[in-house]
Amino acid sequence: MSEELYLCVFIKEFPAQALLRMRTELRSKPVAVLDGEAPFQQVCSLNKLARALGAAPGMSRAEMESFPAAMLLKRSIAEEQSARSALLECAGSFSPRIEQVSDDHAFLCVMDIAGTEKLFGSPMDVAVRVRQTFASIGISCSATVSANFHAAVCLAKGSTANKAPLIVLAGKERQALAPLPLSVLQLSIELAGTFAQWGVATLGNLAMLTERDLIARLGQEGKRLRLLARGEAPHLFQPIDPVRAMEEQIELDNPVEILDSLLFGVSMMLDQLLARARERILSLSVVIAELGLEAGGVHTRVVRPALPSNDKQLWLKLLHLDWVAHPPPAAVVAMKLKAETGLVGKVQLGLFTPQVPEAGRLDLTLARIHAVVGEERSGSVELKDSHAPDSFRMKDFSVVKPTIHEPIEPKFPAAVMRRLRPPEKISLTLRNRRPHLFYFRGVAYLAESSYGPWRTAGGWWTDGRWSLEAWDVVARAQERSFVERGLPARSGGLLCCCLTHDAVRNLWLLEALYD
Amino acid sequence: MTEQYVELHAASAFSFLEAASLPEALIERAAELDMPSMALMDRNGFYGSARFHTMARKANIRAHVGSEISAIDFGSKLTPAAWLPHQIQPEPARLPLLCASRAGYHNLCQMVTRFKLREQDKDAGAATFADLEEFSNGLICLTGGDEGPLAAALAYQEEAAGYRVVERLIAIFGHGNVYVELQRHQEREQEWRNQAAVRIAQSLQLPLLATNGVRYATSYDREVLDVFAAIRNHTDLDHAGRLLALNTGRHLRSAKEMNSIFSDLPQAVANTWELSERLEFELDDLGYEFPRYPVPDSESMDNFLSKRVDEGVVKRYGAKGNPDLLKKVKKQVERELDLIAKLGFAGYFLIVWDIVQFCKSNGILVQGRGSAANSVVCYALEITAIDPVGMDLLFERFLSESRGEWPDIDLDLPSGEKREQAIQYVYQRYGELGAAMTANVITYRGKSAAREVGKALGFDAETIGRLSSLVGHWEWRGPNDTMAHSFHHAGFDLKHPRIAKYLELSLRLQDLPRHLGQHSGGMVICQGQLNKVVPIERASMPGRTVVQWDKEDCSDLGLIKVDLLGLGMMAVMKDCLELIPRHYGKVEDLAQLPANDPLVYETLQRADTVGMFQVESRAQMASLPRNKPAKFYDIVVQVAIIRPGPIVGGNMNPYMRRRQGKEEVTYLHPSLKPVLERTLGVPLFQEQLLRIAMTVAGFTGAEAEELRRAVGMKRSMARMKELEAKLRKGMTERGLDAPTQDRIVQGISSFALYGFPESHAASFALIAYASAYFKVHYLAAFTCAMLNNQPMGFYMPAVLIKDAQRHGLRVRAIDARHSQWQCALEREQDGTLSFLSLRLGLLYVKGLRRQSALALVEARERDGPFASADDLALRVPCLNPRELKQLASVGALNSLGGVEHRRDALWQVEQAGRPAGPLLRQRDVASDVDVSESPLRQMTTEERLVADYSGTGVTVGRHPMAYRREELRRRSVLSARDLQSHRDGAYVRAAGCVIARQRPGTAKGFIFLSMEDETGIMNVIIGPELYERERVLITRGKFLLVEGKLQNQDTVVHVRADRVLRLPVSEAATRSHDFH
C-alpha cells in the first residue's frame, strides 16, 4: 500500500444543499437559491427537481416565478458557513489532516486517510462511512479515494453523487482519469481555448502528449497540467487548522446583578482564552460576551480594541466600560466569551522618536467616550459629498497628515449660529406663503421679517428623497394670551432663527438659532 | 404695468450633457407661458440655435441668438471652496454673449471657430481676452450666473475682484453692452453674490438683468439633467454628490413668477424686455452667400455655364444623330439655363461641375443621384448619367422658381480613399474656413439610452448588458414591442421602483443629443468665410472640419450643401474596372456597356441577383420573376417599386398583374394616359404625382412640387388642406367626378412620402445594370471586388462566396503562401483549360492586424516563400502568437513545409510563437531539424467548419447543410432547389442556415427569413403569432427547420411557416444580416 492515500469529498450545489439541510420538508420539492440584490437576484444553485422543471443557474427571479412549483430561497452565507463547519467537523472525525479546496458554489475537501485502515477499515469502507455521515446531516456528496491528491480531486469533480465511491488504486490513476473532460482542471479561458483548438478534450488526450512538447508550447504550466492529467502531480498537503473554538462558558450558580461580581468570573475565562492565544503566538482581537439572562434571552456585547492585545487588565477594563454603557437588562445566569484572534501587536521604538501614548490607553479613552456619548456619536466627522442636509458620517479616529491649503476661504458674511440637534418641531402658520406665526418651546413668535425660501431637493432616484425649504426669520416673542385672543401683539424678545419645511414629511422644524 | 419677461439665458440639450431639454421643448414651454421672445445660449456655439429658430418662427416667438463662451482668462468657474472635501475638476468661467446685430453674430461665429480650431481635441477650446476684444463688436455681454466669471470672483475673492471683472467686461464690450445678470434659484450663497452684484451694478451704473439660467423646460426635467451630470462625470447618481443640481429651480418660469421672485428689483425683469427689443438679429438674416465660381474676366458665370452646357450637349447628344431629340434638348437647355440665371444658381452648378471634373481627371468614379438627374444641364455637365430628355423626366422635381430653395445635388463616389480625395479637394479649393462637413447629431437611442441610464443608476455591467440588449431594433413595432414588454419577457419585474424608474428615464432620454458627429458626405461651402455664418470645429477624423448644424438645420437656414456620398457599389465598380483588364484582357467602360445584354436580363428574370445593386434583397427577388425586366426602363421600375410608397399605396401588385397581362391597363382618368402609360396606369414615381396634379388640376410645376412636399411633411396640415382643396377644385373644373377625385387624392397621399423620384431610380438602375453585367460576365472580378469592399449590400460575405461557388467560381482558401491582404484573382491551369479563381485575402482572418498581414506579404515577396511555420514566425516577427494561431486554425499555414493539417500547424506555431528573443529563436529553428510529427489528430469536418466560421466568417468548403443532406432527405426535408419544383399549396418541410431576417414596417408584423443551403436560397414567411410563440428561436436560431404551406406562384417560392424547429447542424458561428 502506498504511503499516501487521499479521500476527496465533493458537494455540488452547496448553497442549495446547505439551506435544505435544515429544511427537510423542502427536500422533495423543486428548490432554487437566489443570490444578489433585489431586483437583480439570479439563481446560483438549485436541486435536481428544479433542474428537471427547466430552471437553470443564472435565471432571474421573475423568470423563476414562471415555475409556480419551484420554491425560491435566498442564499445564506451564514448557513453555508455553519454547514461547512459541521462538515469539517464530521470530516475531522475521520482524519486530523484535512485540506479544503472549495469554491463559491461547491464544497470540496480532501482528507489524508493514510494509516486509518485499522480504525475505519478499507478505503472503500471509509468513503462509504464518510458519505453516510454527511448524509446523516442532510448533505449528499461524491467521494473518491486515490493515492494522488489531485487525481482524487479531479475524479470527485467528474463523478456524480449517487454513484458508489470510486477507489483508484495506486498506478491506475491515469487510466481512471482518462475519460474525464478537461473542465475538471479549472483551466484559464485562454488555455481552454488552446486545448479546444488542439482537439484535446479529455485528460486522456492531454496525458498522451509528451512532456517536452508541452513545455515547449505551454511552459511549466504545460508540464503541471500533464502531470495532473496522468494522476502524477505532486502535492504539498496544506491541512487546515483544526477547528478551534476560542470559547469559554460558565454557568453561574445564582443570578448575578452586580457587574463587579461578573468581572471576577470573566477574569478567569480571560485567563484561559489568553493562555490559548499565547500558545499560538496570537493575541485576542475581539471578545464577544454573551450573557445568559434570568428572564431568558442573551445579552450580547462585542468589544473590539484598535489593536489586538493580550493585556488582561485592558480587556477587563474594556468589558467593564462596555457593560457600564450597555448594562444587561436582567440578572445574569450564564456567561459565554467567544474570542477572535489576531497577530500580536508590535511597536518598533526608535532611539530618538518621542514617546507616544500606549495604544491600550487610547482604546481605553475611546471606550470611555463611547460609554458616555454612544458609539455612533464619537470618532471624526466626515462630510458626505451631497447636497442633502446634515449629510455627514462618523468614522474612526485616524491620524491624518495635515495638508496645507491656500488661505482662500469664501468671504461670506459671518454670522454665528447654534444648530439644534435634533431640530425641534414647531407649529407654524403662513401668510402670503411666508412664515407668520409659530410656537417654539411654548412661546409664540410673530415673524417680523423672513428671508427665503432656500430650497434643496434631491435623491429622487432613491427611497431617501428629500425636499427642504429653509427660511431665515427674525421673530418677536408674543404673550400667548394676546395671541390667543387675536389682540395686537405685545413685543417681547427677538428670536433670529432658521426654520425649515420638510416637504416630504410635511413638517416644520426649527433648525438653528442665530446669535 | 403688465407682467412681461423674456428669458435671455437658456441652454438646450445641445449644450451636450449640461442641459436637459430640446430647443423645441423650450419653445413649446415658452409658448405656453406666453413669452414673446427668448434667447438660447448653448455652450461654445450655436448647436441648438437653428432648430430653436425654426421652431420659434412657427410658434410666433422671436428667437434671440447667443452662446455661453468659455473664457480662459477669467479664471475658472465656481467650484467648491478649496478647504472642502470632494473637489471637482475646474473649468473655465463662461461668458454669456448675445448677438445684437448680424455683425455681432458673425463675430461670435468667428470667435468660436477661432478657439475651436486652435485646439487639436474635438471638444476643447476657450476664448482668450484677445479673442474677446477682437470679436466684441455687436455683442451684448451678461455677467453670467453660477457658471460666469463674476460669481467665481465674488465667491473666492473680495467684492473688489468682482468689480474688476465687470470693469474688464466694460472695457471689452463697451459700457452700454454689459448687463449685470441676476439669477435666483433660491440658494443662500447665490443670493449673497446677487447682493454684491447689485452694489457693483449701482456703482458702475450698469443695468441689472434678471434671468433664470434655464437648463430645462419644466422642473420635472431636472431628473434628466442629474442623469446627464452623472454621465458627463463618468459616475453614477449615488456618487455624483454635489455635481448634481441643488434643487429644481432652473426651468422656464412665467413672467408672473419672475416678477414675484424679483419683486424687490422690478427693473431687472423690465430690462429683459428692453434688451430683447435691442436684439435685432435673428438667424434668418445670416448673410450667407454661395461661392462664386471664378470665371475669366470677360465672362459672367451664366455665360460660362452656358458654354460648358453647350459643349456637353454636343458631346452627349451629337453622336446620337437625332435632330428631333437635339432640338428638344436645346429647348430644354434654354429653359433650364434661363431659370438658373434668374435664380442666380449658375455658381452652384459650376462648383459641382468643377468637383466632377476633378474626379474624372483623377480617375475617381462619380455619378449624380437624386432629382438632379431630371436636369439636362446636369446631364450635359456630366454630373449625372441619365438622359432626362430621352427619358422624358420632369425638370420641376429638381428646380422650380417659386420654391425658394436651393437645388440639391448628391454625388455618389466610391467609398474609401477616393471619396476622401474628393472631399479634400473641396477643402483645398475653398479653404479651411470656406468649407466644412455638415454635422450629424448623435442622439440617445433605445440601446444607448438604456445603457447610460443603467450606469447612472449604478447597475452592474452585466445587468446593464442584459437590460440594454432587450431594447428591440426591428423596424416593425407591434403592440407587444414596447420596452416594457421586452423587460417583462426577459424576467425583470416592472413593479420594482428602480426598474420602473430605469424604464421611464430610458424613454425620456430618447432623442436627446449625445454628441456631434459628422455627416457621411454633406459639405457646406460659403463665398465669404463660412466661419462667419456658422462656427466650424474639428471633427474626430483628422483633416476634417464640421459645422455645428446638421443637414436639416443647414437646409432650414438656406445653407447650400453638396453631398459627396460614399457608395460601396461604386467602389466595387471601380475595382472591377481595374481587375477586368488585368485578368481578362478586356477593357470595360461604364458609359459604354452593351445596352441590352440578354444574359443580364435573363439573370434578372430568374432573380439570380445575389450581390447586385438594389435588386438583391429578398423582396426584390420575390418580385423580379413577376416583373421580368426586359429593358432598361424595367430595371428603373424594379428599383423604385420595392419601396414603402408603392407598397403602402397598394400600387405594387396592380403593376405586377398588369405587367403579367393578368389585369387590364386602365387609367384614373383618360387625361392621365400620357402620364401613366409607361408604368401601365399605376403611379410609381414622384414625378408622376407632380404630372397628375398638373394634368388633372392645372397645377404649375412649382405648385405640384409643393403639393408633394406638403404630403411628405406631417406638420403642414393646414397647407396640405389648402392644396387639396385647390386640387379638387381644378379636377372639378376639368369634369372629374367625385369618386375619381378621391382615388387620385388617395393615390397621391399614399406614396408621395416614400416614393422614389424617377430620375433617382434611373441613376440607381444604371448602377444596378452595371453590377448585373459585371456579375454575369466577370463573376470572379465582381465577387473579388464585393469581398474587398465589405461591409455592403444585403448579404454577408459567406453568402456571396457560396453564391459564387454555385455559379462555378472556384474560391481558394486563405493561404500564407499565396494570399494578399485583399482577395485577389489567380489564373489556374487545369489540363489545357485555363481559368480564373478567387483567392481569399488575409483581411478575412479575424484578429489579424493589417500591419502584420502586410508584413507577411512583404516578407514573402522580398525573400521568397516561407519554408515552414517556424520560418514564418521568424521572418515576420510582428505576428503575435495569437495571430499565428489564428492563421493556423483557419488553415492558412497548411501549405507550408512540414505542415500536414491545421492541428499540425497549430502544434508548430504554439512552439514557434512562444516569447523568446530573436537570437534564441534562430538557434531553435536551426537546431530543431528533427521536428517530430504532431501528436494531434486532424480536425474533423465539423471542427474545420467551426474553425472557418469563427476564424474568418466564411468557408470555401461545402455548405454546412450539405453534410446533413442524406439524413434530411430521409426526413423528407426539401432543399431550396427541391422547393422550386413543388406545387403551390403543398405542405413542405425545409431547412437551412438563416442568412437574413427582416421585419419591414410595411409588413404588419410578418417576418421574412432568408435561409440558405448548398443548393440556393429559400424564403420563409413567419406570421406574428408564430413569432410570439417562438421569439427566441426565430431571432437567434442559426439553422432552422420549418414546416408549412408552399407558395409557388410565378416561380416565386415562399414557405409560409406553421412550425419552426431548431436544427442541430453545426456549431459553426454563422452570422445572419438582420435588418431593422
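In what follows, every chain begins at residue 1, and chains take the letters A, B, ... in the order their sequences are listed. Atoms considered below: every heavy atom in the structure, side chains included; atoms not considered: hydrogens, waters and symmetry mates.
Judged purely by atom type and a 3.5 angstrom limit, A:S391 has no side-chain atom pairing as donor or acceptor with the backbone of A:H387. Side-chain atoms of B:Q911 do not come within 3.5 Å of backbone N or O of A:D213 as any donor-acceptor pair. Without hydrogens or angle criteria, B:N880 side chain to B:R882 main chain gives a donor-acceptor distance under 3.5 Å.
At a 4.5 Å heavy-atom cutoff, A:E37 makes no contact with chain B through either its backbone or its side chain. Both the backbone and the side chain of B:R188 come within contact range of chain A, each with at least one heavy atom under 4.5 Å from a heavy atom of that chain. At a 4.5 Å heavy-atom cutoff, B:Q938 makes no contact with chain A through either its backbone or its side chain. Proximity to chain A (any heavy atom under 4.5 Å) is shown, for B:R242, by both the backbone and the side chain. Proximity to chain B is limited to the backbone of A:A196, based on heavy atoms less than 4.5 angstrom apart. Using a 4.5 Å cut-off between heavy atoms, B:A456 does not touch chain A at all. For B:A245, the part lying near chain A is the backbone, with the side chain staying farther off; criterion is any non-hydrogen pair under 4.5 Å.
The candidate with the highest count of non-hydrogen atom pairs below 4.5 Å against chain A, out of B:E223, B:K885, B:R937, is B:E223. When each of B:V227, B:L243, B:L244 is scored by its heavy-atom pairs under 4.5 Å with chain A, the top score falls to B:L244.
Side-chain atoms of B:L78 and B:E189, non-hydrogen and from C-beta on, never get closer than 4.5 Å to each other. Taking the side chain as every heavy atom from C-beta outward, B:N212 and B:I261 never approach each other to under 4.5 Å. Looking only at side-chain heavy atoms (C-beta outward), B:H251 and B:D221 stay at 4.5 Å or farther from each other. Contact annotation: the side chain of B:V453 approaches that of B:L509 to within less than 4.5 Å [non-hydrogen atoms, C-beta and beyond]. Between A:R61 and A:M64, every side-chain heavy-atom pair lies at or beyond the 4.5 Å cut-off.
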Check against salt bridge (Lys or Arg N to Asp or Glu O under 4.0 Å), B:D226 and B:R222: CA-CA 6 Å; B:D226 278 351; B:R222 171 258 172 107; 2.7 Å; yes

Residues B:D904, B:H901; criterion side chain to side chain donor-acceptor pair (under 3.5 Å); working and verdict: CA-CA 5 Å; B:D904 200 6; B:H901 51 79; 5.1 Å; no

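Between the CG atom of B:L150 and the CZ atom of B:R193 there is a distance of 9.0 Å, given to the nearest 0.5 Å.
At a heavy-atom cut-off of under 4.5 Å, chain B is reached by A:A470, A:D472 from residues 465-474 of chain A, listed in order of number. Contacts with chain B (heavy atom to heavy atom, under 4.5 Å) involve these residues of residues 503-515 of chain A, listed by number: A:Y514.
B:N247 and A:W454 form no side-chain donor-acceptor contact under 3.5 Å, judged by distance and modelled atom types alone.
Taking the six-membered ring where tryptophan is involved, the planes of A:W198 and B:W907 are perpendicular, since the angle between them exceeds 60° and thus also 30°.
No more than 12 heavy atoms of other residues, nucleotides or ligands sit less than 6.0 Å from atom CG of A:D463.
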